[in-house]
Structure formats: structure tokens, C-alpha cells
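Notes for the one structure printed next.
As the structure lists them, so they are numbered: ligands from 1, and atoms in each ligand from 1.
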Amino acid sequence: MKQTLLEVQDLSLRVGSFTLQEVSVQVHKGDYVVVVGPTGSGKTLLLEAIAGLIPLQEGRIIYDGRDITEESPESRHFGFAYQDSLLYPHLTVRENILFSAAVRGQADSPLIRQRLAELAEAMAIQPLLERRPGPLSGGERQRVSLARALLLRPSLLLLDEPLSALDPQTRAGLQKLLRKIHRDDEVTLIHVTHDFSEAIHLGTKMLLLKDGRVLQYGAPKELFSQPNSEFAARFLRVDNILSGIVQRKSRYSWFCTEKSSRLYGPLPEKVLEDWKVGIRGVLAVRAAHIRMFPEMNAGEVREGECSWPVMVIGVTFHGSYVEVACEGDDPWVIHISLAEWRSFPVARGERVWLACMLRDLHVIPCPAVIHDDR
Ligand SMILES: Nc1ncnc2c1ncn2[C@@H]1O[C@H](COP(=O)(O)OP(=O)(O)OP(=O)(O)O)[C@@H](O)[C@H]1O
């Protein structure tokens, strides 16, 4: 069983008019937690609270079995790399990296010197060591900032949007480096990001914050395929989100969208277990989970699929895939590969059928509104 490294228990704190409320998160040794959420949702404050930079109003932080709620940031020994690097302009790159070691009187120890040499090589910053940070590029500054955060071999590394200001190539290089650090150095990471592809690429867990509260926490794949609220589905960019109601006829339950009287197929078993018939909700389906086929093949529905007719209203090319906008009783967006489109080059105005595996239909209840008409 995985060992718990960090436990945030019912954390609440207030700064100005903003409140982080009842945040509880368990982080295992070796996790790479990515923190996502709209701007101003409290991501940075949560990192700062974990780092000990802001006092809690309520709650506890347990680290490696020890209550560290009252401990100073220095005694926590966490690494922290900021979005804007926050390097000291009057110190050289070498002095910046060695800063925390110098504060502890360890800057000249052979171990620290060796560690600096290793990090400088890993981050490819040897040529920068004697320079001041002022004229460094964004990517160089972030590499220096990471080296500084890693110098004292923290077992927990906190990263606040460390790659946000970088060009795609530099960012890809640093993502690779972070994966390597995670894999080779046995570091547990908590990384705030706005970039979903980065979150999927790096994260083993994903924490979604909204208005200072945890909305969902789990494997990134789980959040993306099974968002637990309409907000999460929209924030995580599920392409097709339709309001409707669960209905039942004999043994089968169905989701019926608001706009249409069509029934979109028997719902997955898990929906039947969790839901009462008549509850309003949203149906969330990713564009890539829907397949398209010609009207004349309408009978060719595969086992486990539901299907429905639509008309193509737009085709947009996105390099490796094609986005097809369709309109039936409801609007639908689907993504198909370029190769699929070449073998079936649909155009505006064509009638086609769409199909989706039931397991890819994700239905989210809105329990606040119960529909009476059963
Ligand atoms: N020291 C402070 N005093 C008053 N309000 C603050 C302080 N620090 C943060 N806030 C407010 O708390 C809220 C959450 O801030 P935070 O920086 O944690 O958001 P965030 O999710 O990291 O946002 P972003 O994605 O834009 O970086 C914001 O409304 C911010 O203005």
C-alpha cells in the first residue's frame, strides 16, 4: 500500500475577502499532484499554506506522520518554485541556487557543491552560474528556479505554474525534466497549472479547486472522463454537455435531453445504481468518443452503443484531427482523425449517424432539481 506523505485536514484560511474552505487532501509518497482551477480559485494560496507561508485558521497539516501545522516554512524543508522564478537580482545564479544552503551555513559543504554540480548539469545551466539573473530568458530562469528548489533534496516539491511563461519547445523540455526528477529522485510533487495537456502528461493525481473548495480529486483520467459536476465537465472542456432527465421504461433507464423527445439509449449500469429516475442532470460526452457513419449504414450499430441521426453543419481541420459540428435534436461536436475523414469526407448539409459507447456517456446528476413528472 502506498504511504501517505502529506495530509491536509479540513484546512480553512482567509485572506482579504477570499476563503479556502475545508480543504482535505491526501498525498501519497511518489504522487505527482497537479492542481487546476479557474483563476482566483485558491491554487497558489493552497501551496503557500502547505509551505507554511500563510497561517491556517482551521485544520491541520500532517507531513510524514508529524503535525507540522505550526512549523516555520524553513523547518518544513519543502522545495518551492514560483511562476515568476523570484530570483534575487543582486546575486549570481550560483548564489541564488545556494541561497537556502547558505542560510543554513552549508553552502561550502562538499555535498552541497556536488549537488549543485549535478543540478547544473541536469538543468544545462553550467554556463549561467556566474551570471546575474536579470538578462536570463524565461526558460533559463525557470531552470535556475527549479535547481534552487531541488538543492536540498526536498521530498516534497511545490511548483506554482513554473512553465506558464515559456514557449512550447522550452516547456516540453522542462516537462521532460520534471518527469525525470519525479521518476529518478523520489520526489513527491504538487504542481499548479492551467495547462491540461501538461496536467495529463505529468500528473498521477489531479485536484480541481473552485472558489476555495476542492471540487474533485482523483486520477487525471478519472476527472477528464468522469467529471463529478457540470462545472467540472465544462472546466475540463467536455465538448458535449446536454441538460436532461433520466427516465425509465420497464427495465431500462434512458437519458432524455431537454430539447428533444429522443431517448439516447440505455444508461450505463453505474448510473442506475446511483440515481433515482426523474432526476435532472447533464449528459457529458467527449467529442473524441463519438463515431460517425453514413446514413445508409444506420443499422450498423455495435454492441454497447447508442446511435442517433444528425446533419453536418460545419467541418474544421485541426492538423491531426477534424472537428465536425452536427445538429440533430441537439447540437453535437465530434472529433475524427484525418484518416477517418479522408475515408468518409463529410461536408456541410450531409445527413449522418452518430454513435457512442454507453460506457463513454457520462451522466452527472443535478440533485438540487428533482423532476416530478415520472
Ligand atoms: N495576500 C492576499 N490578500 C488578499 N487577497 C489575496 C491575497 N492572496 C491572494 N488573495 C486572493 O485570494 C484569491 C485566490 O488567490 P490565488 O492566488 O490562490 O488564486 P489562483 O487560483 O492561484 O489564481 P491564478 O490561477 O490566477 O494564479 C484571489 O481572489 C486573490 O486575489
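- Around the CD atom of Glu130, the shell of radius 6.0 Å holds more than 12 heavy atoms that belong to other residues, nucleotides or ligands.
- The nearest pair of heavy atoms linking Pro133 to Leu91 is CD-O, 3.0 Å.
- Within a 4.0 Å radius of atom 31 (O) of ligand 1, the protein contributes no non-hydrogen atoms.
- Under a hydrophobic clustering in which Ile, Leu, Val, Met, Phe, Trp and Tyr are joined whenever their side-chain heavy atoms come within less than 4.5 Å, directly or via other members, Phe78 and Leu152 fall into different clusters.
- The nearest heavy-atom contact from the protein to atom 21 (O) of ligand 1 is Lys43 NZ, 2.8 Å.
- Arg179 contributes a side-chain N or O that, together with a main-chain N or O of His201, makes up a donor-acceptor pair within less than 3.5 Å.
- Listed for the Lys210 side chain is no donor-acceptor partner under 3.5 Å among the backbone atoms of Gly37.
- In terms of polar-atom proximity, defined here as any N/O pair under 3.5 Å, Gly42 does make such a contact with ligand 1.
- Among the atoms of Gly40, some N or O lies under 3.5 angstrom from an N or O of ligand 1.
- Proximity of a side-chain donor or acceptor of Thr193 to a complementary backbone N or O of Asp195 within less than 3.5 Å is detected.
- Contacts of Ser17 with ligand 1, taken as heavy-atom pairs under 4.0 Å, are absent altogether.
- In terms of modelled atom types and a separation under 3.5 Å, the side chain of Arg76 and the main chain of Glu71 share a donor-acceptor contact.
- Protein heavy atom in closest approach to atom 8 (N) of ligand 1: Leu45 CD2, 3.8 Å.
- For atom 6 (C) of ligand 1, the nearest protein heavy atom lies under 4.0 Å away.
- Ligand-side atoms of ligand 1 in range of Thr44: 17 (O), 18 (O), 22 (O), range being under 4.0 angstrom from any heavy atom.
- For the 3.5 Å distance criterion, the side chains of Glu121 and Gln126 fail to qualify, holding no donor opposite an acceptor.
- Close contacts between ligand 1 and Gly16 involve ligand atoms 4 (C) [criterion: under 4.0 Å to a heavy atom].
- Of all atoms in ligand 1, numbered sequentially from 1 with element shown, those under 4.0 Å from a heavy atom of Pro38 are 21 (O).
- At the shortest separation from atom 2 (C) of ligand 1 among protein heavy atoms lies Val15 CB, 3.9 Å.
- Between Ala49 and Leu11 the shortest heavy-atom distance is CB-CD1, 3.9 Å.
- Of the protein's non-hydrogen atoms, the one nearest atom 11 (C) of ligand 1 is Phe18 CB, 4.1 Å.
- Assignment of Glu161 to the shell around ligand 1 is supported, since a heavy atom sits closer than 4.0 Å.
- In terms of protein heavy-atom proximity, atom 26 (O) of ligand 1 is nearest to Thr39 OG1, 2.3 Å.
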